[in-house]
Novice: 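Would you mind keeping the following structure in view while I ask a few things?
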Amino acid sequence: MFDKTVVLVGNPNTGKSTIFNTLTGRHQHTGNWSGKTVGNSIGKMEYKDVKYKVIDLPGIYSTNPISEDEKNAIEYLKNEKYDIVVIVLDATCLERNLILALEVSKICPNVVVCLNLIDEAEKKNIRINVEKLSEILKLPVIKTSARKGIGIEKLKEKIYENNSTCQNIDCSVEYIYKSCVKDSLNVFENRDRKIDRLLIGKIFAIPSMIVVFGVILWLTIVGTNYPSSFLSSIFSSVEVFLLEKFADSNFLIKGILIEGVFRTLSWVISVMLPPMAIFFPLFAILEDLGYLPRLAFNADKLFKKANAHSKMVLSMCMGFGCNAVGVVSTRIIESKKERLIAILTNNFVPCNGRFAGLIMLASIFVGGGILRSFKITISVILAIVSGVIITLFVSFIISKTILKGEQSSFILEMPPYRRPNLKNIVERSIRERILYVLGRAIVVAAPAGAIIWLMQNCYIGEISVINYVANFLDPFARLMGLDGYILTAFILGMPANEIVLPIVIMCYTQNTGLIEFDSIYQLGVLLKENGWSYITAICTMIFSLNHFPCSTALLTIKKETNSWKWTFLAFIIPTLVGILLCIFTNFILRLF
Amino acid sequence: MAKGKALADLKVGSSGKILEIKDFKNKLRLEELGFTPSTKIFVLHENIGKTVYAYGVKGTVIALRKDDVKNILVEEDKYV
Ligand SMILES: Nc1nc2c(ncn2[C@@H]2O[C@H](COP(=O)(O)OP(=O)(O)OP(=O)(O)O)[C@@H](O)[C@H]2O)c(=O)[nH]1
Ligand SMILES: [Mg+2]
C-alpha cells in the first residue's frame, strides 16, 4: 500500500507533530510543551509518484530512554523498518538539538535534517549557515517554519530524492555550533524572562495563577448563558411542535423518540455543550502559550511534599480535557510508582463534561447581584482547588501505603512563550468539542434517553422501574446529601459524564411535566421543586468531582497499567472519597 | 583549576561554567540535555519554596530539583 516509510524524530517540542500535520493533512495534537505526543501516529503523504507512510514519534533527548514515551519512540527507531528519517531540530537551540542529531545519524541511513522554528530563530537574531551545516553533517539540511508551512515543499523534495548513508561525524557539537551559528542572545533580559518573572516569580506566581484561571472560568461562565438559552429555546419549541404533530402516534415515536431520545439530546446539547465548547479553546490557548509546564514549576514543592511527581501537573491539565487523555499523558513521568500515583488520581480533576456540570450547578445555586458571575467563578475555582488538595492528599496516602518507594528526580524543559495558533485552536475546538460532543450525544445520550424513557414507563407492580431503582438508592443517597435520582444518574452516566445532569433533569421533568426552559433560572426552579437545596447542589458537585472514572477512562487505565488491580483501585478510590466527603459535608451543613 | 562550587549554591541572576557532573543516577540525562563540562550556565529563576530552579543552558531553559544540582560543579563567574 505504501512505497516508503518516513519517520519524524527529534527533541520534544521542536514541531514534529506540526510538520507531521502539514505533510499528511492529519490533525495530530500539538502543544507548546515537551511531552505532548506520547504515542506513535501514522499518516500518509503522496509526493510525485511515491506514496509515503509518515510516522510521528514522541520527542526524545537521546537514544537512552528514561520514560515510557521515549521508550516507545526509541524502540521504533531501533526495531522497525523505515526508509527515511527526518530529524526535526529547533533552530533556536541548535546546540542542544545537535547532540541527538549526531546520535541518530550514526544509527540511521537516509537522514534529512529539518531546521524548524526558523521564524523564531530569526526573531531572536540567531543566524545559521545552512550550507556549512549541511557540509559538516554530510546531510541535506532544510529550513522550515512548520506553522506557516514555509519550507515544507523543499522538505518533501529532499525526502523524495534522499539517499545518504549512515554518518559517523567526528566533530564535537561545540565545534559544529561555533562554525555554523551566530547568536547574540541576552539570557537574563529577554521577553521570556520578563514574562517568567511575573508568572513563576516568587511574588506573582500564585496571584497570576489565580488571575489566569479566574479569567478563563469567568469567560466560560459568562459566555455560556446566551448560547445555552438560545439553544434550549429552539429545542423546546421544536419539541412542542413535534409533540403536537405526533400527538396521536404510538409510544415508539411519541415516547421513546421524542420524550426520550430527543429530550435528552436537547438537554445535552443546550446545557452541557456551551460550557464545554467555550472552556476547551481557552485552555488550549494556555497550552499553546507555554504556560502549563510553568504550573508544574510553581507547584513543585507541594507535589514533592505529597510524594508525587510534579510532572503530574501536566497530566492533570490534560485531564481537564478528558481523563482518558490525562491517563495516557502520564507516560512522561519516568518512575513507575509516581506514574501510577498520577493515573490513580487523575480522576480528581474534572474532565470537560463534569466541568460543564459544575459550572451549571454553580450558576444555578450561587446568589444574584452584579457580582454574580464573580461569585460563580470563585465557587468553581474552589471546586477545582479542592480537587487539587484531594489529589495531593490521596497521593500522599497512596505513597505511604500501596506504592512505597524512592522519590525520583525532576527534569522539565520550560518552553519559550509562543503566540497561540488561534486558527488551529478554533478548528480543533469545533472538531473535537462540538462535533465530538454531538457525536457522543448520538452514540451515548440518545440510547440513554431511550433507556430512561423505558425505565420511566415500564412498571414493576405499581411503580415505574426508574422510581423503583431511585427509591432503592434513595436512603443511601440521602445520607450523602443527594437523592435517589441523582445517584441513579451518576450510575447510568458511566459511559459519559456529560449525560449525568441531563438524566437528572429527565427524571424530574417526568414528574413535573415539560418545562418551558429558556434560562438557567428555570432550571433552578425545576431542581428546587424537586427538593434541591444548596446542600444538594454542593454534594452533587462533590460527588461529580469525586466518583468512579467514566468507562472510557477505566478502559484506558486498564490498557496503560495492564492490570485489573490498578484499574479496580482507580475505580474504588475516588468513589470512596466521594461517598465519605458527601456524607461528611451533608452532616456538617445540616447542623447549621 | 579553580575549585568548583555546587550549582545548588549559585543564586538567581548569577552564571558560571560547568566543571564536572558527579556520578549520580541522572548524570547521563543531564549530559544529553547539554550539561557538559565547559558549558555556560545561567541561573534564571527559582520557584516558590525553592525546590526547583530554572537554568539557561545552550539556548534552552531547564528546571531541575535542588537536590539534583548538588551534583553539578561549576565555576562561578565574577563580575567586577
Ligand atoms: N513559531 C513557530 N512555532 C512552531 C513552529 N512549528 C511548531 N511550532 C509550535 O511549537 C509547538 C510545539 O509543536 P509540536 O508540533 O507539538 O512539537 P512536537 O515536536 O510534536 O512536540 P512533542 O510531541 O512534545 O515532542 C506548538 O505550539 C507549535 O504550534 C514553527 O515553525 N514556528
Ligand atoms: Mg508531537
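Heavy atoms only: backbone and side chains are in, while hydrogens, waters and symmetry mates are out. Labels below follow one simple rule: chain letters A, B, ... track the order of the sequence lines, proteins then strands, and each chain is numbered from 1.
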Novice: Specify which of B:Val52, B:Leu30, B:Leu64 makes the most heavy-atom pairs with chain A at under 4.5 Å.
Specialist: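 Between B:Val52, B:Leu30, B:Leu64, the count favours B:Val52.
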Novice: Measure distances from B:Arg29 to the heavy atoms of chain A and classify the residue's part below 4.5 Å as side chain, backbone, both or neither.
Specialist: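 When you check distances to chain A, only side chain atoms of B:Arg29 fall under 4.5 Å.
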Novice: Nearest 0.5 Å please: distance from the OG atom of A:Ser62 over to the CG atom of A:Leu102.
Specialist: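 The CG atom of A:Leu102 is 13.0 Å from OG of A:Ser62, to the nearest 0.5 Å.
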Novice: Heavy-atom distance under 4.5 Å to chain B: side chain of A:Thr92, backbone, both or neither?
Specialist: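 The backbone, not the side chain.
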Novice: Please state whether the rings of A:Phe188 and B:Phe42 are parallel, tilted or perpendicular, taking 30° and 60° as the class boundaries.
Specialist: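 Taking B:Phe42 first and then A:Phe188, their aromatic rings stand perpendicular (interplane angle over 60°).
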Novice: Chain B: which of A:Arg197, A:Lys304, A:Glu413 shares the most heavy-atom pairs with it under 4.5 Å?
Specialist: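 It is A:Lys304.
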Novice: Atom NE2 of A:His309 and atom NZ of A:Lys337: how far apart are they, to the nearest 0.5 Å?
Specialist: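 A:His309 atom NE2 to A:Lys337 atom NZ measures 10.5 Å (nearest 0.5 Å).
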Novice: Check each atom of B:Val57 against the heavy atoms of chain A and say whether the ones under 4.5 Å are side chain, backbone, both or neither.
Specialist: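 No part of B:Val57 comes within 4.5 Å of chain A.
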Novice: Examine whether an atom of B:Lys40 lies under 4.5 Å from a heavy atom of chain A, and if so say whether it belongs to the side chain, the backbone or both; otherwise answer neither.
Specialist: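 Contact with chain A: none, neither part.
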Novice: Main chain of A:Ile87, side chain of A:Lys16: is a donor-acceptor contact present, judged purely on distance under 3.5 Å?
Specialist: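 No; judged by distance alone, with no hydrogens or angles, the pair does not exist.
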Novice: Name the region of A:Glu70, side chain, backbone, both or neither, that has any atom closer than 4.5 Å to a heavy atom of chain B.
Specialist: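 When you check distances to chain B, only side chain atoms of A:Glu70 fall under 4.5 Å.
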Novice: Quick check for you: to the nearest 0.5 Å, what is the distance between A:Phe297 atom CZ and B:Glu46 atom CD?
Specialist: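 It is 8.0 Å, given to the nearest 0.5 Å.
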Novice: Checking heavy atoms, do the side chain of A:Ile99, its backbone, both or neither come under 4.5 Å from chain B?
Specialist: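 For A:Ile99, the side chain is the part near chain B, not the backbone.
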Novice: Let me know if B:Tyr55 has heavy atoms under 4.5 Å from chain A in its side chain, its backbone, both or neither.
Specialist: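 B:Tyr55 has no heavy atom closer than 4.5 Å to chain A.
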Novice: Under a 4.5 Å heavy-atom cut-off, does chain A meet the side chain of B:Ser38, its backbone, both or neither?
Specialist: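 Interface part for B:Ser38: neither.
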Novice: Which bit of A:Glu103 comes within less than 4.5 Å of chain B, counting heavy atoms only: side chain, backbone, both or neither?
Specialist: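 Looking at A:Glu103, nothing touches chain B.
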Novice: Working to the nearest 0.5 Å, report the span between CG of A:Leu94 and OH of A:Tyr177.
Specialist: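 Rounded to the nearest 0.5 Å, the CG-OH separation comes out at 6.5 Å.
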Novice: Quick one: does A:Val187's side chain get under 4.5 Å of A:Arg193's, heavy atoms only?
Specialist: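 A side-chain contact is absent here, since even the closest heavy-atom pair is not under 4.5 Å.
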Novice: With heavy-atom distances below 4.5 Å as the criterion, would you say the side chains of B:Phe35 and B:Ile62 are in contact?
Specialist: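 They are in side-chain contact.
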Novice: Out of B:Ile48, B:Thr39, B:Leu28, which one racks up the most heavy-atom pairs below 4.5 Å with chain A?
Specialist: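 Among B:Ile48, B:Thr39, B:Leu28, the one with the most close pairs to chain A is B:Ile48.
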